[in-house]
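Report on the structure given below.
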Amino acid sequence: MNPAMPMQDKYTPADIERAAQDHWNKTGAARAVEDATKPKYYCLSMFPYPSGKLHMGHVRNYTIGDVLSRFHKMQGYNVLQPMGWDAFGMPAENAALQNNVPPAGWTYSNIDYMRTQLKSLGFAIDWEREFATCTPEYYRWEQWLFTRLYEKGLVYKKFGTVNWDPVDHTVLANEQVIDGRGWRSGALIEKREIPMYYMKITAYAEELLSELDNLPGWPEQVRLMQKNWIGKSTGVRFAFPVVASGAAAPSSPPLQGEGSGAGMGSADNAEEKLWVFTTRADTIMGVTFVAVAAEHPLATRAAANNPELAAFIEECKKGGVAEADIATMEKKGMPTGIFVTHPLTGEQVEVWVGNYVLMSYGDGAVMAVPAHDQRDFEFAKKYADKLPEIKPVIVPASWKGKKFFTQTGWFEDGDLKLSWPILTNEETDESVDWASWDESFASKEGVCVNSGKYDGLSYEAAVDAIAADLAAKDLGDKKVQFRLRDWGISRQRYWGCPIPIIHCASCGDVPVPDEQLPVVLPENVEITGAGSPLAKMPEFYECKCPKCGGDARRETDTMDTFFESSWYFLRYACPDNTTAMVDERVAYWCKGGIDQYIGGIEHAILHLLYSRFFTKLMRDVGLIGDLGEPFANLLTQGMVVAPTFYRDLDAGKKLWINPADVDVVTDERGRPTGATLKADGLPVVIGGTEKMSKSKNNGVDPQALIDQYGADTARLFIMFASPPDQSLEWSDAGVEGAYRFLRRLWKTTYDHVQAGLVDANFEQNSLSTVQADLRRKLHQTMGKVADDYGRRKQFNTAIAAVMELLNAYDKTDLADTTGRKLAQETLESIALLLFPIVPHIGQALYAELKPGQDAGSAAFPKADPAALKQDEIELMVQVNGKLRGSIRVAAEADKASIEAAALASEGAVKFMEGKPAKKVVVVPGRLVNIVV
RNA sequence: GCCCGGGUGGUGAAAUUGGUAGACACAAGAGACUUAAAAUCUCUCGCUCUUUGAGUGUACGGGUUCGAUUCCCGUCCCGGGCACCA
């Protein structure tokens, strides 16, 4: 860095990187200061969970952020690139159990180590804004916000279902349930209903959905996933009156708590009703039974004097709560003996308990139309002996007005009853056979039949008519339904933000008043793995009611850790504020949204949806002006995946082994045939290839790479390996090549510097033809790299373009005076073009080429139109779409002369075999296709 | 099961709006330099064949088009998410 020192001939990354980082630290190069005179660029990467060491996914994520930050700084923006720690979470408690270290200490020492790793990678992070979410200075504000939302009714309490480990007497996360068993105890897991606090995200469902259309900077894929997750559907919610039974058992109290929303299967006593929601009201005349969830009040009541049903409901409670498990389960059911009245036909249909009906969606009950719903169909086939015949009520639209035949006779214009299973269209001879399912049976493109007054109606008309008739009977109406459910935030865990509620016997749930905040999480605790330690600490939970002053009990549940990550990006604007959650600096940095957010695609739904929700909440509490959407531009990084290896332990448990500790044996085609542990040479099991994670122990620590080759090589290599949104299977094959390239760039620059620096000012027309070609390539590359960094965010092709440029440089004779100047221009440009990716070597090379100058403060190279001019271009010639030769034409040649040249070209003449051209397609600047 | 992605040489990949398939690299092979090694440099490198040429080829099967890795339909495989991993 010292211009007085001669340039070293060898590339020594360790020295260069230390010097560059010292220089940046001394000059405060990454400090972000609000400056209203400059456009701001807030570049945010998802903050890491401090799991112990960085893995390659982190390096990839933060290098992308650093490239974009440095590039935009060179474009004149006032850049903010912050970093912090998503520090609450389960792994800290697991580590505590395993190694007998307190979660707080474990977390803070991980943060210290990972911070040094991040610093060694040379990211232009403003470390003055760093914070960890596990400190009271941070989480006090979410407690404060929680109490505000509680008072506004946006936080409420109701029962929710959790995984219960009956041996360890503890609630388990879905991740801790493996094949239906507790990961530590091996016990079969049960569902259990417990009271929890919920955030009313459904109140924002409509806005969360509609605003997706105003996020052009988001990948279409992510917007689509969120749209499907929110899942707006318009349908009909209606009721089946329950048939009163003289022998009915006394109604058992419903399990649901207060505030559980409309319906929840509850029944009024006057005339009890079973409510359902359907998007296919047009098939209502085909209902043959109604299915309810095992937790539904009707099921509970029916089970009271039906031991067989009670046993079935108990069986439904076995297993975890994860939707994937429920959805792949074998569909089972049992009749309750309770009947309900079909609201339109007046027929009685039986209520069944189905293990596939979710209590948490809609009313916890569904109407079943086996003829037009695949799941209902399979269920009806399985229980055909106990259920009525399947009743088709929709035929293909093309059959409208035509005669078709059923088992019982001809059907025409609704004058005859249908009976399953085969319908044949007389005129077209098409058949529909309900003996085996066909997707078309569920199509909305059809006409109602066997539906009384609705016969002949299409989907929309039938839904309208049926909804109107239900409304007239006061038994239902059209309704918009969301798949999105309210967000349960209570966790029965220690290492999280305490929920600021006090339970008082006389006053109920009382939010902790501001002056008593924060509720500080005690850090000296004993973790046993059985229940929350807080619930065993009277010094924590014993307290006085803020309202009446009487003895009360503090809530011992903590918040979902998604709470912390849903607003941290706003806190970076003002991390030092001790009197408010956020302040006016948010208006500067977050105006129009955070300019770029970068993180893994695995966060496409939950984290990003919760962050959008929080931003709207905070806006409506009046904290952040009119900011409604947090992230203007989103780059979802593909996952860095690696193979997993394990050994089976007792009770279905697994010991996960890091890929670094394993030798993989491959066959002659390079396919893995087996693997052994390096330590003992004995075999291990090869699992799937999955995202690098703590739980599967397949994260690869980049430290060895950095130690051996330096940060720049690690950064260059991971950026060159693949485009950022693509998932990347980790392999360090090729890292040598990245290092080789930097060495070659260093040597090339050294050779030029040794020959003497020159001024790069020269006349374009003094260049030889080959020199003009190089200069054209140089300036094309400037445009290409800026476009790749700025618009395309595709860094591998930017690097490839610079590699091509260096290859061309090496092949071009630059010995004369003009050539030396062009060499100077090219090497200066390369140092700046690569600076965002490899800032240390970029800084060093630029300082050698332009003594005393700072690459990071330089303007990004801009292409000179004079250098890009080209007289002649090459066009490909195709005959019948096959490449047969090429022609060189003037850049501005017209279509007729291009056609003539192409027809006269050697390849065209040969392959046209004397046949006349039927058609000639000229694609300007590309090719000519002759069709014969 | 449902929702979202992906599948191109031995490997990572490129082809930006439907227009030269395999840029740029890695690995491998051959050669130069060297006492030797490393480093460096040069060349070869999708597959097949009758090899100064031609055919064929982007998971698989169809389709649209003068022209398809790209668009459409179907199938298979892999990855992510599924609300308590973060």
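Chain naming here is simple, since letters A, B, ... match the order of the sequence lines and numbering starts at 1 in each. Keep in mind that the numbers below use all heavy atoms, side chains included, and drop hydrogens, waters and symmetry copies.
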Checklist entry - Between the side-chain atoms of A:R744 and the base atoms of B:rU40, is any donor-acceptor pair under 3.5 Å? => result no
Next on the checklist: Could you check whether the side chain of A:N228 and the base of B:rC3 have a donor-acceptor pair of N or O atoms closer than 3.5 Å, going by distance alone?
Outcome noted: no
What's the closest nucleotide to the side chain of [X] if the choices are [options]?
| X | options | value |
| --- | --- | --- |
| A:A173 | B:rC84, B:rA54, B:rA14 | B:rC84 |
| A:A721 | B:rU20, B:rG12, B:rA27 | B:rG12 |
| A:L728 | B:rA25, B:rU16, B:rA13 | B:rA13 |
| A:A800 | B:rA23, B:rA15, B:rC41 | B:rA23 |
| A:D86 | B:rA86, B:rC3, B:rU40 | B:rA86 |

Checklist entry - Taking O4'-C1'-N9-C4 for purines and O4'-C1'-N1-C2 for pyrimidines, is B:rU20 syn (within 90° of 0) or anti? => result anti
Checklist outcome for this item: Expected label for B:rG46 (glycosidic angle, syn inside 90° of 0, else anti) would be anti
Complement of [N], any strand, by Watson-Crick or G-U distances under 3.5 angstrom:
| N | value |
| --- | --- |
| B:rU42 | B:rA30 |
| B:rC49 | B:rG53 |
| B:rC71 | B:rG63 |
| B:rG79 | B:rC4 |
| B:rU11 | B:rA25 |

[X] side chain to [Y] side chain, donor-acceptor N/O pair below 3.5 angstrom:
| X | Y | value |
| --- | --- | --- |
| A:D486 | A:T202 | yes |
| A:Q492 | A:T170 | no |
| A:R743 | A:T748 | no |
| A:S185 | A:D168 | no |

Could you list the donor-acceptor pairs under 3.5 angstrom formed between side-chain atoms of residues 728-742 of chain A and any protein atom two or more places apart in sequence or on another chain?
residue, atom, partner, partner atom, Å
A:S731, OG, A:A733, N, 3.0
A:E736, OE2, A:Y709, OH, 3.0

Item to check | Phosphate-side-chain proximity, A:Q726 and B:rA13, N/O vs OP1/OP2 below 4.0 Å | outcome: yes
Item to check | Sequence-distant partners of A:D86, side chain to side chain donor-acceptor pair (under 3.5 Å), two or more places apart | outcome: none
Checklist entry - How would nucleotides 72-83 of chain B be written as a contact map, 5' to 3', with B for base contact, S for sugar-phosphate-only contact and - for no contact, using protein heavy atoms under 4.0 Å? => result -------SSSBB
Checklist entry - Can you check whether A:I837's main-chain N or O pairs, donor with acceptor, with A:R715's side chain at less than 3.5 Å? => result yes
